[in-house]
Protein chains: 2
Amino acid sequence: MSKKNAILAAATHLFSRNGFKETSMSELTRITGAAGGTIFHHFKNKEDLFLNILKNVQETILSAFREHKETAGYKNGIEMVEGVITFYLDLAGVIEDQFLLLHRHYPYQMAETNTVCRSYLESVHNGLLDIFEEGISIGIEDGSVKVKSPRNTAMVLFAMVDGVVRLNTYNLYHAGSLYNDLMASCRKILTNE
Amino acid sequence: MSKKNAILAAATHLFSRNGFKETSMSELTRITGAAGGTIFHHFKNKEDLFLNILKNVQETILSAFREHKETAGYKNGIEMVEGVITFYLDLAGVIEDQFLLLHRHYPYQMAETNTVCRSYLESVHNGLLDIFEEGISIGIEDGSVKVKSPRNTAMVLFAMVDGVVRLNTYNLYHAGSLYNDLMASCRKILTNE
DNA sequence: CAGCCAACCGAATGATCGGTCGGTTTTTTG
DNA sequence: CAAAAAACCGACCGATCATTCGGTTGGCTG
């Protein structure tokens with residue numbers, strides 16, 4: 001179990017930081033201390049290793065949000081949406097590698113031909129959108145949110161928040177000081193008119 | 001010139017669609033009909049070829065916006081911002097490859113060590129942000145826009161619009177029908193409060 | 001203790017990679 | 001038209017790649 005987890009951990013980091021093709025099995029053996037044969041004993045091939053990691057990413061992120069939703073206890077819809085967004089920004093900093101992997105193009109390209117990969121990605125994105133949408137719908141009922149389409153608004157909000165996270169990882173400009181403006185924009189989208 | 005342009009065109013497509021490492025020079029020779037030596041006659045190495053393409057992307061996108069700004073003729077700030085966003089969405093569909101290249105992780109990774117690459121990326125992003133910010137600032141002066149920080153608002157808006165474009169290219173969900181909600185969200189961010 | 005199986009090893013393999021080089025063809029120039 | 005320059009060719013190179021395989025180890029079971 002030890003070597004297998006070491007391989008998973010190192011591969012998660014390397015795939016996220018450097019990409020799939022750019023990560024070599026020999027680099028993996030060097031870092032983990034595991035022999036080449038050991039990796040292929042635990043994982044059918046490189047793609048299988050990648051899928052195992054993607055599965056971990058999906059489970060980690062979704063269960064983090066599931067736990068957050070249970071413990072947070074928001075009193076109305078807009079508070080929930082804002083809390084979820086704040087949690088999203090925090091989480092993206094805590095488990096950077098997992099989010100970085102989802103910001104790479106490779107998984108989505110692989111999803112075009114690999115149904116397992118596609119199901120993991122759909123699960124993550126739909127799961128996150130569901131949480132956004134749930135907060136919006138609750139907000140519409142309790143009057144704290146006023147929008148036309150909850151699902152579409154959830155998608156726009158997600159695109160905005162995820163876009164900020166992504167631009168933040170490319171440190172072209174320091175988007176860290178963007179939190180207040182981001183939350184203000186969210187509130188405007190959710191409340192006015 | 002003919003072969004050189006063929007190489008540039010094919011490489012733009014392959015680097016965008018498949019990535020840098022995933023694109024082989026032999027694939028490039030097969031598609032263009034150019035011999036291996038010919039590619040390295042025109043470009044010092046694979047990275048140099050990539051940088052030439054990135055330079056083209058930067059020039060193409062920025063000049064497209066420059067021309068758009070000259071011919072559009074908006075009467076106030078908010079109309080300009082909305083027009084620019086609409087143009088951004090259109091352009092992302094017209095020159096898909098160029099935008100896809102900027103949505104890949106590889107260029108930003110290369111920018112960490114390559115100053116030329118970094119300058120191209122900074123030029124594109126800063127140029128686009130400048131246009132967004134200009135519209136916002138004009139809007140503040142003419143009263144059509146009400147926000148605190150023009151630059152930060154420009155960054156949030158850009159993250160949102162670019163996020164939608166990116167999620168659209170991964171066809172996990174059909175974000176094409178998001179236009180109206182996206183523009184409504186923009187208007188809310190720019191006008192209320 | 002015997003037998004078994006999963007974990008682990010590392011040398012070997014064939015394919016493919018980016019890049020080189022000496023030579024030929026085409027274009028430009030004086 | 002001659003000669004220089006630029007474009008182009010394709011065989012070749014060493015390095016690296018993902019993957020294989022025969023064999024060793026170590027812990028569990030009966």
Side-chain angles (χ1 to χ4, degrees), chain A residues 1-56 101 104-107 109-114 116-117, chain B residues 1-56 101 104-114 116-117 120:
Chain A
M1 275 300 175
S2 179
K3 280 284 162 68
K4 186 175 179 181
N5 283 342
I7 293 165
L8 279 170
T12 301
H13 190 249
L14 291 177
F15 282 153
S16 301
R17 282 351 244 209
N18 304 331
F20 180 79
K21 201 77 180 284
E22 289 86 350
T23 298
S24 69
M25 304 312 260
S26 64
E27 198 179 356
L28 226 36
T29 67
R30 193 165 39 78
I31 290 180
T32 61
T38 304
I39 300 178
F40 287 94
H41 167 73
H42 289 295
F43 306 99
K44 204 172 67 197
N45 49 36
K46 198 180 176 184
E47 183 172 311
D48 181 47
L49 171 60
F50 183 82
L51 286 176
N52 270 272
I53 289 168
L54 199 61
K55 186 184 178 186
N56 282 350
L101 199 73
R104 288 195 158 272
H105 191 89
Y106 186 82
Q109 193 169 337
M110 184 171 157
E112 288 172 11
T113 55
N114 186 312
V116 177
C117 177
Chain B
M1 275 301 175
S2 179
K3 279 284 161 69
K4 185 176 180 181
N5 283 343
I7 293 165
L8 278 171
T12 302
H13 190 250
L14 290 178
F15 283 154
S16 301
R17 285 344 248 209
N18 304 332
F20 181 79
K21 200 77 181 284
E22 290 85 349
T23 299
S24 68
M25 305 310 262
S26 64
E27 199 179 356
L28 225 38
T29 66
R30 193 164 40 76
I31 290 181
T32 59
T38 303
I39 299 177
F40 289 97
H41 167 72
H42 289 294
F43 306 97
K44 203 172 67 197
N45 50 34
K46 199 180 176 184
E47 184 172 311
D48 181 48
L49 171 58
F50 183 81
L51 287 175
N52 270 271
I53 289 169
L54 199 61
K55 187 182 177 186
N56 281 351
L101 199 74
R104 287 197 158 270
H105 191 89
Y106 185 81
Y108 303 92
Q109 194 168 337
M110 184 173 156
E112 289 173 12
T113 55
N114 186 312
V116 177
C117 178
Y120 290 151

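So that the names make sense, note that chain A is the first sequence line, chain B the second, and so on, each numbered from 1. Note that the structure is predicted; figures quoted are calculated from it, not measured.
Residues in residues 5-26 of chain A take part in these salt bridge (charged side-chain N to carboxylate O under 4.0 Å, His left out) pairs, two or more places apart or across chains: A:R17-A:D97.
Side chain of A:A35, nearest nucleotide from D:dG10, C:dC9, C:dG19: C:dC9. Taking only side-chain atoms of A:T38, from C-beta outward, the nucleotide of C:dC9, D:dC8, D:dA18 with the closest atom is C:dC9.
Legend: residues meeting side-chain contact (heavy atoms from CB on, under 4.5 Å) with A:D48, ordered by chain and number and at least two apart, are A:F43, A:K44, A:N45, A:N52. With sequence neighbours excluded, no residue forms a side chain to side chain donor-acceptor pair (under 3.5 Å) with A:E27. In terms of the ring pair (Phe, Tyr, Trp, His ring centres under 6.0 Å) criterion, B:Y120 has no residue partners (sequence neighbours excluded).
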What donor-acceptor contacts under 3.5 angstrom involve side-chain atoms of residues 28-39 of chain A, with partners at least two apart or in another chain?
| unit_1 | atom_1 | unit_2 | atom_2 | d |
| --- | --- | --- | --- | --- |
| A:T29 | OG1 | A:S26 | O | 2.6 |
| A:T32 | OG1 | A:L28 | O | 2.6 |
| A:T32 | OG1 | A:A34 | N | 3.1 |

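In this structure, the CG atom of A:N45 is 5 Å from the P atom of D:dT19, given to the nearest Å. Residue B:F43 contributes atom CZ, which lies 11 Å from atom P of D:dC8 at whole-angstrom precision. Separating the CG atom of B:L49 from the P atom of C:dC17 is a distance of 15 Å, rounded to the nearest angstrom. Distance, A:L8 CG to C:dA7 P: 13 Å, rounded to whole Å. What separates CD1 of B:I7 from C1' of D:dA7 is a distance of 10 Å, to the nearest Å. Look at CG on A:L28: it is 15 Å from P on C:dG10, rounded to the nearest Å. Nucleotide C:dG18 holds its P atom 13 Å from the CD atom of B:E47, rounded to whole Å. Between B:N5 atom CG and D:dA7 atom C1' there is a gap of 13 Å when expressed in whole angstrom units.
One finds a side-chain N or O of A:K3 lying less than 4.0 angstrom from the OP1 or OP2 phosphate oxygen of C:dC9. The side chain of B:H41 places an N or O atom within less than 4.0 Å of a non-bridging phosphate oxygen (OP1 or OP2) of D:dA7. Considering only side-chain N and O atoms, A:H42 lies under 4.0 angstrom from the phosphate OP1 or OP2 of C:dC8.
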Polar-atom pairs under 3.5 Å, protein N or O versus N or O of nucleotides 13-17 of chain D: list them with distances, or write none.
| unit_1 | atom_1 | unit_2 | atom_2 | d |
| --- | --- | --- | --- | --- |
| D:dC17 | OP2 | A:S26 | OG | 3.3 |

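In terms of modelled atom types and a separation under 3.5 Å, the side chain of A:R104 and the main chain of A:S16 share a donor-acceptor contact.
Using cut-offs of 30° and 60° for the angle between ring planes, the B:Y106 and B:F20 rings count as parallel.
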